[in-house]
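In what follows, chains are A, B, ... by sequence order, proteins preceding strands, each numbered from 1.
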There are 2 protein chains.
Amino acid sequence: MNLKELSETLGLSPTTVSRALNGYPEVSERTRRRVVEAAAAHNYSPNSGARRLATGRSMAIGHVLPLSTQHEMVNPIFADFIAGAGETYAKSGYDLVLSVISDRDEEGFYRELSTRGTVDGLVVHGPRIADPRIAMLNQIGLPFVVHGRSSEVEVEYSWLDINNRRAFFRATNFLLDLGHRRIALVNGLSDMDFARRRYLGYRSALEERGVAFDPKLVSHEEMTENYGYETARRHLATVDRPTAFLVSSIIAAIGVRRAISELGLKMGHDISVVIHDDDLSYFRNTGDVPIFTSVRSSVRQAGKRLAEMLIDAIGNPDQPPQSVLLEAELTVGQSTGPAPAMRRVLEQG
Amino acid sequence: MNLKELSETLGLSPTTVSRALNGYPEVSERTRRRVVEAAAAHNYSPNSGARRLATGRSMAIGHVLPLSTQHEMVNPIFADFIAGAGETYAKSGYDLVLSVISDRDEEGFYRELSTRGTVDGLVVHGPRIADPRIAMLNQIGLPFVVHGRSSEVEVEYSWLDINNRRAFFRATNFLLDLGHRRIALVNGLSDMDFARRRYLGYRSALEERGVAFDPKLVSHEEMTENYGYETARRHLATVDRPTAFLVSSIIAAIGVRRAISELGLKMGHDISVVIHDDDLSYFRNTGDVPIFTSVRSSVRQAGKRLAEMLIDAIGNPDQPPQSVLLEAELTVGQSTGPAPAMRRVLEQG
DNA sequence: TTGAAAGCGCTACCAT
DNA sequence: ATGGTAGCGCTTTCAA
């Protein structure tokens, strides 16, 4: 059933029916009710293509997920983030168009998204340091917001990010307070913007306390379980081995834990571990795991929020929405704390 | 730039330009080349709304992700699956429309997706036992495929699933072969179809070997770290505690491991653990983790494949594509194996 | 091999 | 408060 047929059923013009359905004020309440009821009864809903053509808006938002086909895996928090965004879109009548883009002609891709009118705006995921996409999108003129930030980018843009630097600054300080002096940083790929910021937070905490920075204690890789495992093994085999690990992701932390327990060491006793993760969903109701989260209210909330920002930006193209910096929260668990045996070791060193 | 303007630039009719761009055979090669070049030069791409309206096809595929707002989290493998599907769509010119649907009027939602012409087909995620969505979609007439299966559904439908039953049958047998007689099953939510099948595999392995089934050893919950932890703790505190754990997800397994090591027990020594996970991405290059994967070639491949099935179904609506059952692969690690101390314990029992 | 024109279903402007 | 109608940009049929 289309608009014309529906209007004929009702003995009204298509104009009136359209107005009634779209909430225009100049329709009498009686007519509106009749129309709405008839539409429901006939399972009528407006054809999306026709609407796009007539209005010039697609009522769709694009999410672009860069993914080198080579080896990179999808960050699991991405799913939660997008679920949050989806909630916002459902409320506002937008569709969510997800594009997985792998090594292809990126510029052409973004440009096409714009010229084809597939989406009214974009969410950029996984920003790198000095990410070229930002200048490009700015130039194209399609409204966009960034999930995360990109250092060393000239142009203005709206973003929503975790305060990664501060989170790792505080986590490092926390370990320093416990007496640790050799802290290994198990970080993500070095060209990712978030990894850089975490590294900077770690370094500045050491500097501020006058603790020597040892580049051998820092590693940057894709965050797999095996990466955590191998890295921890390597560190633990050295003479001046670290007494603490600061791990950038829960997945890598599983490996770190495995390496520790394989050697017969005990967490919070022989070794301290602080895990950072963007979301605590998997750890709900767990009081005693050493976790340092960055998103107070969960990644899902963050997704919601960023989606709202974008819808805002589409509505007011001249007034870009205020960027958002989410602060970290430290949740300390038993096994992070200073166990007596560990204390002795640290006090001697 | 639109088609009309482009055609004027070239001194051709819109018809010819359209034909040239869409690969119709009746255009001379010379003309086609001219047109394609001009289109590229002017950054022309056809307006999606207009095309939808004219052709009646949206060139978009919907992925529906059910998510009760209450507490449920997003399965992280979902991200990888959808990344795989996205690759297929990118090749075939389809857009991927992701709908997060939470407790809303589902029937109306699916129907609208169809009548509005937003998508040409659907992928159904997270099927439950006797999932009502399948009959509904069948009735609506929109092509769809299911990621997973749904038991107790009358109608025919196309699906791609892991052989969950067989995977858990084999995993259980593996533990039985090691001598275990009390094996705890840490499973997912009981109304999920995959959880049911895994449970059935576990049970039939016990039955076949004449090992008593103890319902107290089976738990069904949402798979968080804490669930694994609490469940393992509870089990390990009993007198006739299990000697092995069969865990349905890597996340819950982290908790199980934690509980084990907290009690000073050693994996593969005092306790055996077999983990099932749909994907090994996080464990790449790890030879010695006890994992039982179900998807040989990774979830991403599975996503690709299911997307191809759906595109097929859209092309041949009368010939539904063959469903696919993926077989499991057992990867055994050190810590699963029969350690001497454990052997003794088992031999005595 | 090319072109003219109808029409997809809707919105929005202009009348009334 | 309601209706007539042009037009959004494309595909597709028919004609040449």
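- Ion pairing of B/R149 with B/D131 is absent here, as no side-chain N (NZ or NE/NH1/NH2) approaches a carboxylate O to less than 4.0 Å.
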Pull out every protein N or O sitting under 3.5 Å from an N or O of nucleotides 9-12 of chain D, one pair per line with the distance.
unit_1	atom_1	unit_2	atom_2	d
D/dG9	N2	B/A50	O	3.4
D/dC10	OP1	B/Y44	OH	2.7
D/dC10	OP1	B/N47	N	3.3
D/dC10	OP2	B/L3	N	2.4
D/dT11	OP1	B/N22	ND2	3.2
D/dT11	OP1	B/R51	NE	3.0
D/dT11	OP1	B/R51	NH2	3.2
D/dT11	OP2	B/S18	OG	2.6
D/dT12	OP2	B/Y24	OH	2.7
D/dT12	O4	B/T15	OG1	3.4

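- For the pair B/D191 and B/R128, the salt-bridge criterion is met [side-chain N within less than 4.0 Å of a carboxylate O].
- Regarding contacts with the backbone of D/dG3, a side-chain N or O of A/S13 is found under 4.0 angstrom from either OP1 or OP2.
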| request: Decide yes or no on salt bridge (Lys or Arg N to Asp or Glu O under 4.0 Å) for B/R300 and B/E87, but give the supporting numbers first. | output: CA-CA 9 Å; B/R300 210 146 138 189; B/E87 284 181 48; 3.2 Å; yes
| Can B/S18 and B/T15 be said to form a side chain to side chain donor-acceptor pair (under 3.5 Å), step by step? | CA-CA 5 Å; B/S18 171; B/T15 313; over 6 Å; no
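- Remark: C1' of C/dA12 and CG of A/L21 are 16 Å apart, rounded to the nearest angstrom.
- The nearest whole Å value for the distance from the CZ atom in A/R52 to the P atom in C/dT11 is 14 Å.
- A salt bridge links B/R32 and B/E29; the closest N-O separation between the charged side-chain nitrogens and carboxylate oxygens is under 4.0 Å.
- Between the CD atom of A/E26 and the P atom of C/dC14 there is a distance of 14 Å, rounded to whole Å.
- A sub-4.0 Å separation between OP1 or OP2 of C/dT2 and a side-chain N or O of B/T31 is present.
- Screening residues 118-151 of chain B for ring-ring contact (aromatic ring centres under 6.0 Å, His included), with sequence neighbours left out, gives B/H63-B/H125, B/F78-B/H125, B/F81-B/H125, B/F81-B/H147, B/H125-B/H147.
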